[in-house]
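In this text the structure is predicted, and so the values were computed from the model without any measurement.
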Amino acid sequence: MSERRYLQNVEEAVNYLYSLPEEEEVTGIDIALEPPDDGAESDVDDPSEDAVDVGVENVRLLGAKLLAQPPHIQFTNRNTCTEPSSSWSAPIIDEQEELQTAENDIEPTQPKKKKQKRSKPVYEWKRCEFESCDNGDSMKLPETHKPSIVNKWADEGLTPADIFKHFWNKEVMELVKRETNRYHQVKFGRELNVTIEELYQVLGIFLLSGYTPVPNRRLFWSKQADTRNLAVIQCGMTLNRFEEIVRSMHFVDNSKKPPDDRIFKIRPLFDHFNKIFKDAAHPLPMTWAIDEAMEPYYGRHGFKQFIKGKPVRFGYKFWCLCSHEGLLVNFRLYEGKDSGFEEGMTIGESVVSAMAKGTVPTGSNGFIDNFFTTLPLLKAFKEADIGLTGTIRKDKVRSVPLSNIKKKERGAAELFQEKEKQIAICLWNDNSDVRMATNKSDSASLSMSKCKRWSKKKKEVVVLPQPNIVKQYNKGMGGVDLFDQFRGKYRVSFRKRVWYYPLFRFLLNGSIVNGWILYKKIHMVTELEFLREIVNVLLKPSEKPRRYMPLTSPEDVRYDRRDHYVVMGDTQRRCGVCKKNVKPKCSKCDVALHIQCFVEYHTKK
């Protein structure tokens with residue numbers, strides 16, 4: 001069968017094809033569009049520009065006047081390869097090729113795959129009674145954490161500067177030196193030739209700005225006595241050299257950018273300090289906490305976060321694992337909710353599992369807040385023999401038959417345990433209701449103690465019953481907050497426009513805090529004393545001070561009128577009379593002078 005018909009549009013052709021009886025062996029439609037006549041409109045009633053593919057299902061998007069001339073439509077039987085009409089010179093298309101082309105042209109929109117929700121486990125809860133109330137505090141203070149490296153440092157008599165160089169060791173400084181020189185050569189086309197000694201001086205100037213801030217870092221080199229800093233000037237680092245090094249400071253080769261690493265610019269330093277912080281804390285603390293820490297940043301970047309109510313509201317967010325003393329053991333930058341989190345887990349569960357896995361020892365006690373705490377997470381840590389305690393949100397304990405404890409007197413508490421006694425939920429009425437969840441089952445944690453609170457009604461301090469699990473949480477949870485507090489006291493005040501500079505600053509200040517906490521176990525010093533000793537060593541006076549170029553000479557030499565000759569100097573200097581740049585100088589006075597200024601300079605007025 002080969003029939004040629006004139007129809008107005010594709011919709012009529014499709015409808016006609018469906019109206020044919022089954023006996024007709026029609027397996028395809030060939031359509032030819034002729035160009036419009038001169039002056040005819042061909043773009044009237046165009047389909048919407050939002051419609052990308054116009055298939056059979058979207059045929060109604062075609063306007064009534066889209067085609068100025070009727071299309072030539074021919075019905076053919078592909079099995080007999082019937083030739084089309086001679087008036088249309090079109091190639092015969094194989095049916096398989098046509099079907100493949102149609103599949104390529106019209107891609108059906110597939111619905112997005114929904115994340116599979118994990119099945120919620122069913123827990124059976126039983127109301128329990130607390131152990132007898134003790135008059136004193138039945139909970140022991142967290143064990144003092146003393147890593148083995150502290151004894152080694154004490155035996156070797158290391159100073160604060162030596163501890164700082166333990167974190168910023170030769171390996172990482174060689175990396176910074178190599179990549180800084182490479183970047184400067186590629187960017188500016190000339191050698192920088194920065195040395196490790198110069199990089200230590202740059203770090204020293206950064207740290208100095210933490211406790212001696214100035215509005216502009218150039219003021220450190222000012223000639224005015226109110227802002228100039230002798231430590232910076234005497235170390236031999238000039239302003240121009242400092243600016244040149246800071247401008248080109250890099251930590252990775254830009255030409256080797258991995259396709260899926262969004263923080264490759266700072267990745268080598270992250271890997272180095274995560275490893276060296278963990279090694280310095282060995283054996284790892286038995287009491288630890290995971291919480292968020294903010295590094296201020298006010299530029300534009302996709303990682304920047306805003307957290308209302310925090311001391312630092314704008315900046316980069318880090319997940320930190322710290323000991324109860326504030327020692328940073330492990331950290332991770334938050335790169336967004338779709339960056340490296342385990343499927344089937346909440347962000348909080350994924351963060352705690354990833355940071356604690358292979359890091360915290362068996363039998364240790366961890367503390368987290370309600371962003372991280374879930375019942376499956378507590379159960380998983382119970383199976384790994386790791387204690388975990390945290391506040392928990394109300395919507396995560398809906399299966400627990402908790403009462404409205406706010407209506408009860410202050411100090412009232414309730415305790416529920418799972419049937420297998422792997423998880424316990426505690427509700428305590430303080431100024432507001434406090435919900436705690438833990439996987440501990442020992443009597444010390446599930447007993448009562450006492451605390452002191454101010455009573456507005458009685459206008460005096462009163463003693464209230466308090467669950468021991470709440471007291472343990474208050475003492476063990478503050479590690480990350482302590483680290484944040486220590487890091488913010490003397491934070492580097494210099495700014496830089498590149499987005500990864502605040503991440504570098506986080507590592508620099510974090511290494512100072514870790515070094516000070518460990519050094520305190522050898523010699524009791526304040527953080528400021530520890531920091532100042534490091535800066536004074538890094539910025540020690542140069543053994544080769546800058547050559548002083550005099551503008552004047554002693555009067556008995558200047559006016560003796562003997563052996564004063566004009567010679568050409570090596571570099572330009574300031575003229576002793578007019579103060580303009582000049583190369584000629586007096587051979588005896590060693591003062592740069594123009595030829596016209598030579599006589600005036602040597603004539604006594």
Side-chain angles (χ1 to χ4, degrees), residues 120-140 142 287 289-291 346 348-349 352 365-383 386-458 461-478:
K120 294 184 179 181
V122 179
Y123 300 96
E124 295 184 17
W125 301 97
K126 179 182 178 182
R127 185 186 295 271
C128 303
E129 296 295 331
F130 288 98
E131 298 290 333
S132 61
C133 181
D134 296 331
N135 294 329
D137 184 5
S138 62
M139 190 203 101
K140 295 181 180 179
T287 304
I290 293 178
D291 203 356
T346 64
E349 290 174 338
V352 175
N365 293 317
F367 299 91
I368 53 180
D369 65 13
N370 59 19
F371 176 79
F372 307 96
T373 309
T374 61
L375 300 181
L377 182 67
L378 295 174
K379 194 168 185 178
F381 271 69
K382 181 69 174 181
E383 294 171 355
I386 298 174
L388 193 62
T389 303
T391 54
I392 191 166
R393 295 177 180 176
K394 190 174 182 179
D395 60 339
K396 295 179 181 178
V397 288
R398 293 183 185 224
S399 61
V400 184
L402 299 173
S403 62
N404 189 358
I405 204 165
K406 287 185 179 180
K407 295 183 178 180
K408 298 183 179 181
E409 62 179 3
R410 191 177 182 187
E414 292 180 351
L415 179 64
F416 293 86
Q417 271 190 304
E418 186 202 6
K419 183 179 180 181
E420 300 177 359
K421 294 189 176 181
Q422 290 188 333
I423 304 173
I425 305 294
C426 170
L427 182 64
W428 180 54
N429 185 23
D430 194 13
N431 291 327
S432 61
D433 57 329
V434 179
R435 287 177 300 275
M436 304 289 299
T438 182
N439 60 10
K440 298 180 183 180
S441 56
D442 58 291
S443 58
S445 299
L446 303 182
S447 61
M448 294 291 289
S449 63
K450 294 184 178 180
C451 66
K452 294 181 179 180
R453 292 290 187 270
W454 175 259
S455 174
K456 291 183 179 179
K457 202 179 271 188
K458 297 181 179 180
V461 176
V462 296
V463 178
L464 298 177
Q466 182 187 47
N468 260 332
I469 195 67
V470 177
K471 190 180 292 291
Q472 290 179 14
Y473 180 83
N474 290 337
K475 292 182 178 179
M477 184 58 192

Item to check | Any T391 side-chain heavy atom under 4.5 Å of R435 side chain | outcome: no
Checklist entry - Between E414 and K408, is any pair of side-chain heavy atoms under 4.5 Å apart? => result yes
Checklist outcome for this item: Rounded to the nearest 0.5 angstrom, the CD-CD distance for E420 and E124 is 9.0 Å
Checklist entry - Tell me, do I368 and L377 make a side-chain contact under 4.5 Å, heavy atoms counted? => result yes
Checklist entry - Any donor-acceptor pair under 3.5 Å linking the side chain of N370 with the backbone of R393? => result no
Item to check | Value rounded to 0.5 Å, distance of CG in N365 from CD1 in I386 | outcome: 10.0 Å
Checklist entry - Roughly how far apart are L388 CG and I290 CD1, rounded to 0.5 Å? => result 8.0 Å
Item to check | Atom pair CG/OH of D369 and Y473 - distance to nearest 0.5 Å | outcome: 5.5 Å
Next on the checklist: The test is side chain to side chain contact (heavy atoms under 4.5 Å, CB included); show your working for F381 and V352 and say whether it passes.
Outcome noted: CA-CA 10 Å; F381 271 69; V352 175; 3.6 Å; yes
Item to check | Residue pair E349 / P376, side-chain heavy-atom distance below 4.5 Å | outcome: yes
Item to check | Identified side chain to side chain contact (heavy atoms under 4.5 Å, CB included) partner of L427 from the options V434, L415, L402, V400 | outcome: L402
Checklist entry - With a 4.5 Å heavy-atom cut-off, do I425 and E418 have their side chains touching? => result no
Checklist entry - Distance from M448 atom CE to C426 atom SG, nearest 0.5 Å? => result 7.5 Å
Next on the checklist: If we ignore hydrogens and angles and just use 3.5 Å, is the side chain of K396 paired with the main-chain N or O of T373 as donor and acceptor?
Outcome noted: yes
Checklist entry - Is there a side-chain contact between F367 and T287, using heavy atoms and a 4.5 Å cut-off? => result yes
Next on the checklist: Less than 4.5 Å apart, side chain to side chain, heavy atoms only: is that true for I423 and W125?
Outcome noted: yes
Next on the checklist: To the nearest 0.5 Å, what is the distance between CG on L464 and CD on E409?
Outcome noted: 9.0 Å
Next on the checklist: Give me the atom names and distance for the closest heavy-atom approach of A413 to P467.
Outcome noted: CB-CG, 4.0 Å
Checklist entry - Are the side chain of N429 and the backbone N or O of A412 linked by a donor-acceptor pair below 3.5 Å? => result no
Item to check | Residues forming a side chain to side chain contact (heavy atoms under 4.5 Å, CB included) with S441, sequence neighbours excluded | outcome: K382, Q417
Next on the checklist: On a heavy-atom basis, which atom in N439 and which in G387 lie closest, and how many Å separate them?
Outcome noted: OD1-CA, 3.4 Å
Checklist entry - Considering only heavy atoms from C-beta outward, does the side chain of R410 approach that of D430 to under 4.5 Å? => result yes
Item to check | From CA spacing to verdict: side chain to side chain contact (heavy atoms under 4.5 Å, CB included), N474, Q466 | outcome: CA-CA 12 Å; N474 290 337; Q466 182 187 47; 4.0 Å; yes
Checklist entry - Does T389 use its side chain to pair, donor to acceptor, with the backbone of T438 at less than 3.5 Å? => result no
Checklist entry - Ignoring hydrogens and geometry, is there a side-chain-to-backbone donor-acceptor pair from S445 to I469 under 3.5 Å? => result no
